[in-house]
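Below, all heavy atoms of this structure are taken into account, side chains as well, without hydrogens, waters or symmetry copies. All ligand and atom numbering here is 1-based and tracks the order in the structure.
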Amino acid sequence: MIEINKMTVRYGATAALEDVSVEIARGEAVAVIGPNGSGKSTFLRALGGLVRPASGLIVLDGAPLAARAPRDLARLVAYVPQDTAVLFEFSVREIVAMGRSPYLSTWGFESRDDLAAIDDALTLMDLGDLADRSVLEVSGGERQRAMIARALAQQPAVLLLDEPAANLDLKYQVRLYALLDRLTRTRGLTTIIVSHDLNAVSSCDRLIVLRDGRLHGVGSPSDVLTEHMVEEVYGCRASIDTHPRTRAPRVTLDWEKT
Ligand code: ADP
């Protein structure tokens, strides 16, 4: 679905990503991990077409990403940034409806398909009761869910989420990861998530580890999540064992007192 070949992204003179190559298959759930400033958000922004690599190539669904028209790209890729601040008084439903803009006719009327996609997204994110509330008057976590619902209403082939669970309470964190898992299995959605929560991403198919803008490693959670990796990449200590019920790797940080 996505082939990234020797991608370098610069902001001015500094390279935020250097020579990164990785392939992501259709229907894969992938997480991008690594410390602050390692290039995770830049990686997502490049896949969303929001920053243009200085060199290298991103091939998306058989064609170079840079060659796609914005409307064409928006039907393929939805991006939910970390900062979901909204400045205007839109209702939750209006925000979610914005996800349909790549599909609207010249006149901007919503078709039956548009309305069905909006309702589906509101239901998936459990926002039915909040649909008519102003986004300025809901909690940070509810607004985050509205932004994810907007991306789902876009019905993309690839969903890019930057720290999607950061504002969510425990129930919605668990639900979000379960939902993403279900959408990858049932709808062939490809999801790429940036997260610091190593336990949450241990249910993904593969992890991409970035360090200082370079690809440090990529592999299954059980291969990647090691005590050595946490110490080397994050500079802190952790104990890793197997979760007794899910059998996924379980990461427990050593909360040392200094
Ligand atoms: P992460 O998401 O892993 O924290 P980022 O992709 O946000 O990392 O940032 C990677 C590097 O690029 C950092 O050194 C950061 O300071 C720099 N950077 C990010 N965004 C910009 C920007 N808009 N302008 C200049 N430098 C930036």
Interfacing atoms of ligand 1 (cut-off 4.0 Å, heavy-atom, Ala16): 10 (C), 11 (C), 12 (O)
Heavy atom of protein inside 4.0 Å of atom 16 (O) of ligand 1, strictly below: no
Between Asp223 and Ser220, a side-chain donor and acceptor under 3.5 Å: yes
Ionic contact status for Arg185 with Asp205, cut-off 4.0 Å: yes
Polar side chain donor-acceptor pair, Ser111 to Tyr103, under 3.5 angstrom: no
For Lys40, atoms of ligand 1 separated by under 4.0 Å from a heavy atom: 1 (P), 2 (O), 3 (O), 4 (O), 6 (O), 8 (O)
Any N/O pair Ser38/ligand 1 closer than 3.5 Å: yes
Min N/O separation Gly37 to ligand 1 under 3.5 Å: yes
NZ/NE/NH1/NH2 to OD/OE distance under 4.0 Å, Glu227 and Arg237: no
Ligand 1 contacted by Gly34 (non-hydrogen, < 4.0 Å): no
Shortest protein contact, atom 27 (C) of ligand 1 (heavy atom only): Tyr11 CD1, 3.2 Å
Residue and atom name of the nearest protein heavy atom (relative to atom 5 (P) of ligand 1), distance in Å to one decimal: Thr42 OG1, 3.6 Å
Atoms of ligand 1 close to Asn36 [distance to a heavy atom under 4.0 angstrom, numbered from 1]: 4 (O)
Minimum-distance protein heavy atom relative to atom 7 (O) of ligand 1: Ser41 CB, 3.7 Å
Sub-4.0 Å protein heavy atom near atom 22 (C) of ligand 1: yes
Tyr172 side chain to Asp126 side chain, donor-acceptor N/O pair below 3.5 angstrom: yes
Residue-ligand contact Pro35/ligand 1, heavy atom below 4.0 Å: yes
Shortest protein heavy-atom distance from atom 8 (O) of ligand 1, along with the residue and atom involved: Gly39 N, 3.2 Å
Side-chain donor-acceptor contact under 3.5 Å, Ser41 with Asp162: yes
Apart from Leu57 itself, residues in the same hydrophobic cluster as defined by side-chain heavy atoms under 4.5 Å: Val59
Pair Arg100, Gln155: side-chain N/O donor-acceptor within cut-off below 3.5 Å: yes
From Ile2 atom CD1 to Leu47 atom CG, the distance as rounded to the nearest 0.5 Å: 5.5 Å
